[in-house]
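Excluded from the calculations below are hydrogen atoms, water molecules and symmetry mates; all remaining heavy atoms, backbone and side chain alike, are included. Everything numeric in this text was worked out from a predicted model, so none of it was measured.
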Amino acid sequence: MGGPPRSGGPPGRFGPRPSTPRPPPTPEQILALATREHVPARIAKGELEGKMKARIWRKLHAEEAKRFDQVYELMGQTAGLSLGDAFGILQSGLTVAEFMARKERSQRKAAIKQARGQVDNALVADFLGAFIEQKTELSVVLAERSLLDTLLSEEAIAFTFERTGRLEKLQVVLISRRGDWERLMPTLDRDAKLTQKPAQVARQPDKRPYSDPRPFLPHIGQTVKLVMRNGITVEAPLLRVGRFDVLLGEPGHELFIPLHALLRFEAPPAPPEDESDDDDLPAAAPDSEG
């Protein structure tokens, strides 16, 4: 007589076989398949995971597959070109050189914007706010002339003065109290060529000599030398650094200088490191023995 099957015995002839989980595809495997088949990475990943094959996707999406053929062809012709950049080049209609130059400019602009955001602008803003509140008579130095006026308001890209009216900030080289500037002006050095023909200010911040305020921060309290685009050279202690401007001079007698007005910035050299070693020290007296 047949009895019940013994527990723990081998599985039946047609019983399910235990499945071994497939290891997830590596990024290298995905990239290799996507490059070989000219498909998106998600399709290559799906095939490696046992889903739709890349060749089936290409048949179902012929137009998109054609664009991927163009993209991978361009990548093959240009060493180091990423998939995203290749798509950008095809979509923009630019040459590789034109697209990469535009991308570099965009990255520089983003870096400058980020750098400015890391600097506190409150002290410089308060400085200008005091001029407005106290109706201080100011000397406003432009590239080729100076104005005597009173500041009424400050906008993102312009100042408004009592007599001059609205003045674009890019025109301003320096602002100071009238008495301070009249005393300081005769003592300043000037570059004759720049005085006759001041350097132009680029509209794009990334094309100016100085747009990132962070390199100025370590020199607060030190005497620095600034050469402006109209040839004026100012050598004075650096008091404050804002996102777009610096303050030089002595407290109560500050010079307001926008970064866009600068052609050169010179900081004092760093103090030499102490290079003394033990050989230069006097020898210790020998221990006395009783």
Side-chain angles (χ1 to χ4, degrees), residues 105 108-109 112-113 115-116 119 121 124-125 127-128 131 136-216 219 222-249 253-268:
R105 288 196 300 271
R108 287 200 303 267
K109 290 178 181 178
I112 291 171
K113 184 176 180 180
R116 287 170 168 173
V119 175
N121 200 56
V124 174
F127 173 78
L128 293 174
F131 281 165
T136 306
E137 189 173 17
L138 302 172
S139 289
V140 183
V141 181
L142 308 181
E144 298 173 332
R145 61 194 177 102
S146 297
L147 308 171
L148 297 178
D149 215 327
T150 303
L151 183 62
L152 296 181
S153 65
E154 179 197 8
E155 305 172 26
I157 61 171
F159 294 114
T160 300
F161 293 94
E162 186 174 32
R163 293 184 292 275
T164 308
R166 194 172 185 271
L167 185 66
E168 188 180 18
K169 284 185 175 180
L170 290 183
Q171 298 184 51
V172 175
V173 172
L174 182 149
I175 297 178
S176 173
R177 297 171 180 85
R178 177 180 179 178
D180 292 337
W181 183 243
E182 290 177 347
R183 286 190 295 271
L184 181 64
M185 183 173 57
T187 69
L188 297 177
D189 293 332
R190 293 174 181 265
D191 183 306
K193 291 183 179 179
L194 290 173
T195 299
Q196 294 176 1
K197 188 177 181 180
Q200 297 296 314
V201 180
R203 288 282 170 182
Q204 300 84 354
D206 59 290
K207 294 185 177 181
R208 300 172 194 160
Y210 300 96
S211 292
D212 186 345
R214 295 174 300 178
F216 294 83
H219 304 290
Q222 300 177 356
T223 296
V224 298
K225 184 177 181 180
L226 304 183
V227 179
M228 264 70 79
R229 68 186 187 93
N230 62 351
I232 292 175
T233 298
V234 175
E235 194 165 358
L238 179 61
L239 296 177
R240 296 285 184 269
V241 176
R243 292 177 185 168
F244 312 96
D245 324 279
V246 296
L247 299 181
L248 267 68
H253 303 280
E254 300 92 345
L255 304 176
F256 170 90
I257 299 176
L259 293 181
H260 65 248
L262 298 183
L263 288 185
R264 290 192 298 277
F265 162 62
E266 297 179 18

Could you go through the side-chain contact (heavy atoms from CB on, under 4.5 Å) check for His219 and Val241 one step at a time?
CA-CA 9 Å; His219 304 290; Val241 176; over 6 Å; no
Side-chain touch Ser211/Arg116, heavy atoms, less than 4.5 angstrom
yes
According to salt bridge (charged side-chain N to carboxylate O under 4.0 Å, His left out), who are the partners of Arg105, at least two apart in sequence or on a separate chain?
none
So which heavy atom on Pro213 is nearest to which on Gly242, and how close?
CB-O, 3.2 Å
Only one of Leu147, Leu174, Ile257, Leu255 passes side-chain contact (heavy atoms from CB on, under 4.5 Å) with Val141; say which it is.
Leu174
Is the shortest side-chain heavy-atom distance between Val124 and Arg243 below 4.5 Å?
no
Extract all donor-acceptor atom pairs below 3.5 Å that involve side chains of residues 189-197 and protein atoms in other chains or at least two apart in sequence.
{"from": "Asp191", "atom 1": "OD1", "to": "Lys193", "atom 2": "N", "distance (Å)": "3.0"}
{"from": "Asp191", "atom 1": "OD1", "to": "Leu194", "atom 2": "N", "distance (Å)": "3.2"}
{"from": "Thr195", "atom 1": "OG1", "to": "Asp191", "atom 2": "O", "distance (Å)": "2.8"}

When you compare the side chain of Thr233 with that of Arg264, does any pair of heavy atoms fall below 4.5 Å?
no
Close side-chain approach of Val172 and Leu142, heavy atoms under 4.5 Å
yes
Yes or no on side-chain contact (heavy atoms from CB on, under 4.5 Å) for Trp181 and Leu188, after CA distance, side-chain angles and deciding distance?
CA-CA 10 Å; Trp181 183 243; Leu188 297 177; 3.5 Å; yes
Measure the CG-CG distance between Leu184 and Asp180 for me, rounded to the nearest 0.5 Å.
8.0 Å
Locate the shortest heavy-atom distance separating Gly249 from Ala236; write the atom from each residue and the value.
N-CB, 3.8 Å
Closest heavy-atom pair and its distance - Tyr210, Phe265:
OH-N, 2.9 Å
Would you name the heavy atoms of Val173 and Pro258 that are closest together and state the gap between them?
O-CD, 3.3 Å
Can you list every pair that meets salt bridge (Lys or Arg N to Asp or Glu O under 4.0 Å) and has a residue in residues 144-156, with sequence neighbours left out?
Glu154-Lys169, Glu155-Arg166
Please indicate whether Arg163 has more than 12 foreign heavy atoms, meaning atoms of other residues, nucleotides or ligands, lying under 6.0 Å from its CZ.
yes
Enter the distance from Leu138:CG to Phe161:CZ here, rounded to the nearest 0.5 Å.
6.5 Å
Closest heavy-atom pair and its distance - Met228, Leu263
O-CD1, 3.9 Å
Might you point out which heavy atoms bring His260 and Arg229 nearest each other, and give the distance in Å?
O-CD, 4.5 Å
Pairwise side-chain contact, Phe127 with Glu254, heavy-atom cut-off 4.5 Å (strictly under):
yes
Do Ile175 and Phe159 come within less than 4.5 Å of each other through their side chains, counting heavy atoms only?
yes
For the residue pair Val224 and Phe216, establish whether any side-chain heavy-atom pair is separated by less than 4.5 Å.
no
